[in-house]
*Asks:* 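If you scroll down you'll find the structure; I have some questions about it.
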Amino acid sequence: MSDVYEKVMELAKRRGYVWPTSEIYGSVAGFIDYGPLGSMLKRRIEQIWRQFYVIMEGCYEIECPTIGQEAIFIASGHVKGFSDKMCQCPHCNEYLRADHVAEGGGVNGASTMKEDALSSAISGLPCPACGKVLGEVNVFQFNLMFRTMIGPGSQRVGYLRPETAQGMFTDFPRLLRFYRDKLPFGAVQIGKSYRNEISPRQGMIRLREFTQAEAEIFVHPAQKQHPNFSRYREYAFPLLSSVQQQKGDPPLMMTMGDAVRDGIVANEYVAYYLALTHELLVKIGVRPERLRFRQHLPDELAHYAADCWDAECFSDRFGWVETVGIADRTDYDLKAHSGESGQPLTVFIQYPEPRREEHRRVVARMGLLGPRFRDKAKAVADALEKATFSEDGANIRLDGQDLVIPPDCYEVRDEVVEVQGVEVTPHVIEPSYGIDRMIYAVLEQRYDEDEADGEVRKVMRLPAAVAPIQVAILPLMTRDGLDTIALDITKKLQEKGIMAEYDDSGAIGRRYRRQDEVGTPFAVTIDYDTKETGTVTLRDRDSMKQVRVAVSDLNSTINDLISGMRTFSSMV
RNA sequence: GCGAUAGUAGUCUAGCGGUAGGACAGGAGCUUCCCAAGCUUCUAGCCCGGGUUCGAUUCCCGGCUAUCGCACCA
């Protein structure tokens with residue numbers, strides 16, 4: 001029990017933050033349950049996320065099914081690209097990446113080979129695990145998506161979504177109308193996603209079912225200046241650019257204004273959400289000195305992405321953990337869904353002034369073409385659109401033959417038309433948050449032990465804004481009416497929506513420790529003076545200092561402390 | 001998934017081929033009262049399934065979970 005991870009997870013289990021799922025049947029790796037306090041913490045963190053994205057940014061939240069039909073994931077690339085070709089060594093039963101084995105054996109183009117071809121390509125190669133020649137092996141696709149059937153029988157394949165993002169793309173036309181056909185706009189979704197990880201380890205870092213909070217901001221591809229960029233122009237935090245990484249240099253403290261100006265961050269939108277993410281993570285309790293933003297290296301970057309950064313939180317156990325990804329995905333997703341669905345996923349951008357454009361139109365005279373070309377007349381007319389013209393007529397190519405169509409069969413018109421605007425496929429900026437990883441980072445980074453009266457005190461130094469229990473109400477004694485007063489105060493706070501917990505069991509010091517351990521930021525103690533003066537003591541978890549507050553001011557004081565309008569130190 | 005190690009009250013742990021003891025935590029009572037005091041008392045456990053055995057928590061096999069290494073990590 002030396003490592004923080006073990007201490008935090010022990011506390012999390014014991015006090016009701018997180019624990020393994022369905023333990024009575026033996027738990028399943030990659031699935032966790034949030035207990036009473038964990039659920040509350042998670043909800044508070046999600047609520048802060050909503051405050052940032054939904055309320056402040058105006059990106060409304062939508063909620064789509066967690067099961068999606070196959071077409072969605074064919075379009076997104078998850079059916080193909082989200083799977084690995086694997087095989088099992090017949091000698092040692094080790095599961096192997098077939099393409100890796102092939103490449104290791106000098107086979108070229110292994111990553112694009114089909115299963116059968118790969119099977120034969122690797123049959124003569126040795127197993128990297130046991131060294132024996134593989135021989136007859138069966139290469140199969142292992143897809144990280146959970147597959148299921150929709151409806152009885154097996155007519156229709158469905159997948160549990162591997163990310164929430166696709167909902168914002170499949171709903172794009174309706175969202176566009178909701179936002180009254182104007183760019184930019186964004187939509188968000190918070191919900192469960194599923195990935196059938198081969199071997200989930202690392203506690204709550206790699207789960208098979210996890211919660212994501214994703215935003216998709218749709219922007220004009222040529223307008224990547226954020227209208228509100230000034231908010232973060234001077235905001236600075238550590239950036240580990242791909243250049244820094246390649247040189248082996250440490251992160252650089254940098255303002256977003258400088259980062260965009262120097263071309264380190266691709267554009268203002270990406271920079272804006274980097275900064276917003278930094279602010280958000282710090283607000284929920286991630287320590288700034290344990291937070292950095294790392295840019296994807298050129299070979300990590302998806303081929304379509306213009307830029308991508310990960311917010312990484314430092315864990316004593318796991319090192320730098322990717323917690324949030326912020327990417328400029330360009331028009332890749334919308335184009336992919338448009339192609340698969342056949343629906344246009346574009347925005348009509350009206351020009352300030354209609355543009356006059358000269359068009360050459362070729363009008364076929366069907367009256368002459370018809371009798372002459374019979375059933376080919378339509379094809380000839382279509383071909384005329386792309387014809388080259390000479391004095392003899394139009395040169396077209398039809399069924400592999402070059403033909404000349406006499407000038408009397410068509411008319412070339414040069415027209416000037418007014419074009420009102422253009423259809424544009426928006427680019428998408430995607431901040432994608434791993435809620436469970438954020439929660440782990442906060443729990444680990446906020447776990448602390450200090451010494452009080454020669455004893456180790458375990459303290460969860462959670463920000464008041466996310467602490468599950470916000471205030472503990474403790475009567476010094478359960479007699480002389482102190483408990484009645486305490487219960488009354490508890491009820492009054494609860495009526496105002498404050499999570500107040502009454503506790504009269506055991507010595508006062510013990511009760512403080514109990515609350516410290518779960519991260520309750522404040523405690524109110526009712527003593528004999530309360531009856532005389534109508535005041536109580538208000539204790540601060542972190543400093544263990546106390547101030548006296550009038551019972552009549554308690555509601556507003558505690559509200560201010562939780563919301564951050566006041567600090568405890570200003571009251572001492 | 002493979003290999004190694006492990007799994008005993010809520011937590012940490014002792015122990016054994018004859019079904020278990022402690023510490024802390026928790027409940028009740030007394031007492032005390034502003035930082036885990038004390039006393040009394042209670043609750044609560046051998047991961048699951050099979051095998052060997054008169055008898056298995058203990059030995060064997062399988063499973064699950066955890067830790068570590070390997071592989072995997074969109």
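In the text below, chain A, chain B and the rest are named by the order of the sequence lines, each starting its count at 1.
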*Asks:* Listed by chain and number, what are the side chain to side chain donor-acceptor pair (under 3.5 Å) partners of Tyr447(A), not counting sequence neighbours?
*Replies:* Glu449(A)
*Asks:* How many whole angstroms separate atom CZ of Arg317(A) from atom C1' of U67(B)?
*Replies:* 7 Å
*Asks:* Does either side chain, that of Arg161(A) or that of Gln166(A), offer a donor lying less than 3.5 Å from an acceptor on the other one?
*Replies:* no
*Asks:* Any chance the side chains of Tyr440(A) and Glu444(A) put a donor and an acceptor closer than 3.5 Å?
*Replies:* yes
*Asks:* Say you pick atom P in G55(B) and the same atom in G18(B); how far apart are they, in whole Å?
*Replies:* 14 Å
*Asks:* Judged by modelled atom types alone, do Ser193(A) and Glu163(A) share a side-chain donor-acceptor pair under 3.5 Å?
*Replies:* no
*Asks:* Using a strict heavy-atom distance below 4.0 Å, which residues from residues 304-312 of chain A are in contact with RNA chain B?
*Replies:* none
*Asks:* Under the rule for salt bridge (Lys or Arg N to Asp or Glu O under 4.0 Å), what residues qualify as partners of Asp503(A), not counting sequence neighbours?
*Replies:* Arg514(A)
*Asks:* With sequence neighbours left out, write down each residue that passes side chain to side chain donor-acceptor pair (under 3.5 Å) with Glu501(A), or none if nothing qualifies.
*Replies:* Gln515(A)
*Asks:* Please state the C1' separation for the pair C73(B) and A4(B) - nearest whole angstrom.
*Replies:* 22 Å
*Asks:* I'd like to check the side chain to side chain donor-acceptor pair (under 3.5 Å) partners of Asp560(A); sequence neighbours left out, ordered by chain and number.
*Replies:* none
*Asks:* Sticking with atom C1', work out how far A23(B) lies from A9(B), rounded to a whole angstrom.
*Replies:* 12 Å
*Asks:* Using whole Å, what does the distance between atom P of nucleotide U67(B) and atom CD of Glu6(A) come to?
*Replies:* 9 Å
*Asks:* Taking only residues two or more places apart in sequence or in another chain, which ones pass ring pair (Phe, Tyr, Trp, His ring centres under 6.0 Å) with Trp49(A)?
*Replies:* Tyr53(A), Tyr433(A)
*Asks:* Under a 3.5 Å cutoff, is there a donor and acceptor pairing between the side chains of Arg208(A) and Tyr194(A)?
*Replies:* no
*Asks:* Find out whether the Lys NZ or Arg CZ of Arg292(A) is both under 6.0 angstrom from the six-membered ring centre of Trp320(A) and within 45° of the ring's axis.
*Replies:* yes
*Asks:* Please enumerate all residues that pass side chain to side chain donor-acceptor pair (under 3.5 Å) together with Asp488(A), with sequence neighbours excluded.
*Replies:* Lys492(A)
*Asks:* Between Ser241(A) and Gln295(A), do the side chains contain a donor N or O and an acceptor N or O under 3.5 Å apart?
*Replies:* no
*Asks:* Which whole-number value in Å describes the distance from Arg15(A) CZ to C24(B) C1'?
*Replies:* 13 Å
*Asks:* Tell me the interatomic distance from Glu517(A), atom CD, to C24(B), atom P, rounded to whole angstroms.
*Replies:* 16 Å
*Asks:* May I have the distance from Leu11(A) (atom CG) to C24(B) (atom C1'), rounded to whole angstrom?
*Replies:* 14 Å
*Asks:* Counting only non-hydrogen atoms, which of residues 523-550 of chain A are less than 4.0 Å from RNA chain B?
*Replies:* Thr525(A), Asp527(A), Thr537(A), Arg539(A), Met544(A), Gln546(A)
*Asks:* Under a 3.5 Å limit for both distances, which nucleotide forms a Watson-Crick or G-U wobble pair with G69(B), could you say?
*Replies:* C2(B)
*Asks:* Applying a 3.5 Å limit to both distances, which nucleotide forms a Watson-Crick or G-U wobble pair with C46(B)?
*Replies:* none
*Asks:* If we call it a pair only when both distances are under 3.5 Å in a Watson-Crick or G-U wobble match, what pairs with C24(B)?
*Replies:* G10(B)
*Asks:* Could you tell me which nucleotide pairs with C30(B) by Watson-Crick or G-U wobble geometry, both distances under 3.5 Å, or answer none if nothing does?
*Replies:* G38(B)
*Asks:* In residues 20-27 of chain A, what residues come within less than 4.0 Å of RNA chain B, judged by heavy atoms?
*Replies:* Gly26(A), Ser27(A)
*Asks:* Is there a donor in the side chain of Arg548(A) and an acceptor in the side chain of Thr535(A), or the other way round, less than 3.5 Å apart?
*Replies:* yes
*Asks:* Measure NE2/His296(A) against C1'/C73(B) and give the value in whole Å, please.
*Replies:* 13 Å
*Asks:* Toward the 5' end of RNA chain B, which comes first, Ser199(A) or Tyr5(A), by nearest nucleotide?
*Replies:* Tyr5(A)
*Asks:* In Watson-Crick or G-U wobble terms, both distances under 3.5 Å, what is the partner of C59(B)?
*Replies:* G51(B)
*Asks:* Among C73(B), U65(B), C12(B), which is the nearest nucleotide to the side chain of Arg206(A)?
*Replies:* C73(B)
*Asks:* Where along residues 468-486 of chain A does a heavy atom fall under 4.0 Å from RNA chain B?
*Replies:* Leu476(A), Met477(A), Arg479(A)
*Asks:* On a whole-Å scale, what distance lies between the P atoms belonging to U41(B) and G22(B)?
*Replies:* 13 Å
*Asks:* Answer with base, sugar-phosphate or nothing: what part of the nucleic acid does Arg201(A) contact at a heavy-atom distance below 4.0 Å?
*Replies:* base
*Asks:* Rounding to the closest angstrom, what is the interatomic distance between G50(B) and U57(B) at atom C1'?
*Replies:* 16 Å
*Asks:* Taking C33(B) as the reference, what is the distance to A44(B) when you measure between their P atoms (whole Å, please)?
*Replies:* 34 Å
*Asks:* Categorize Arg14(A) for me: base, sugar-phosphate, or nothing, with a 4.0 angstrom heavy-atom threshold over every strand shown.
*Replies:* sugar-phosphate
*Asks:* Can you tell me which residue among Arg511(A), Arg541(A), Arg539(A) is in a salt bridge (charged side-chain N to carboxylate O under 4.0 Å, His left out) with Asp516(A)?
*Replies:* Arg539(A)
*Asks:* Could you give the CG-to-P distance, from Leu207(A) to U65(B), as a whole number of Å?
*Replies:* 14 Å
*Asks:* Between Thr21(A) and Asp33(A), do the side chains contain a donor N or O and an acceptor N or O under 3.5 Å apart?
*Replies:* yes
*Asks:* In this structure, how many angstroms lie between the C1' atom of A66(B) and the CD1 atom of Ile32(A), rounded?
*Replies:* 15 Å
*Asks:* What residues in residues 503-514 of chain A put a non-hydrogen atom under 4.0 Å from any atom of RNA chain B?
*Replies:* Ser505(A), Ala507(A), Ile508(A), Gly509(A), Arg510(A), Tyr512(A), Arg513(A), Arg514(A)
*Asks:* What interatomic distance, in whole Å, is found between C1' of A66(B) and the corresponding atom of C12(B)?
*Replies:* 16 Å
*Asks:* What interatomic distance, in whole Å, is found between P of G17(B) and the corresponding atom of U58(B)?
*Replies:* 12 Å
*Asks:* For the residue pair Asp480(A) / Tyr528(A), report whether a side-chain donor-acceptor contact shorter than 3.5 Å exists.
*Replies:* yes
*Asks:* Compute whether any side-chain donor of one residue and acceptor of the other, for Tyr34(A) and Asp436(A), lie under 3.5 angstrom apart.
*Replies:* yes
*Asks:* With sequence neighbours excluded, what pairs up with Ala467(A) under the side chain to side chain contact (heavy atoms under 4.5 Å, CB included) test?
*Replies:* Leu462(A), Pro521(A)
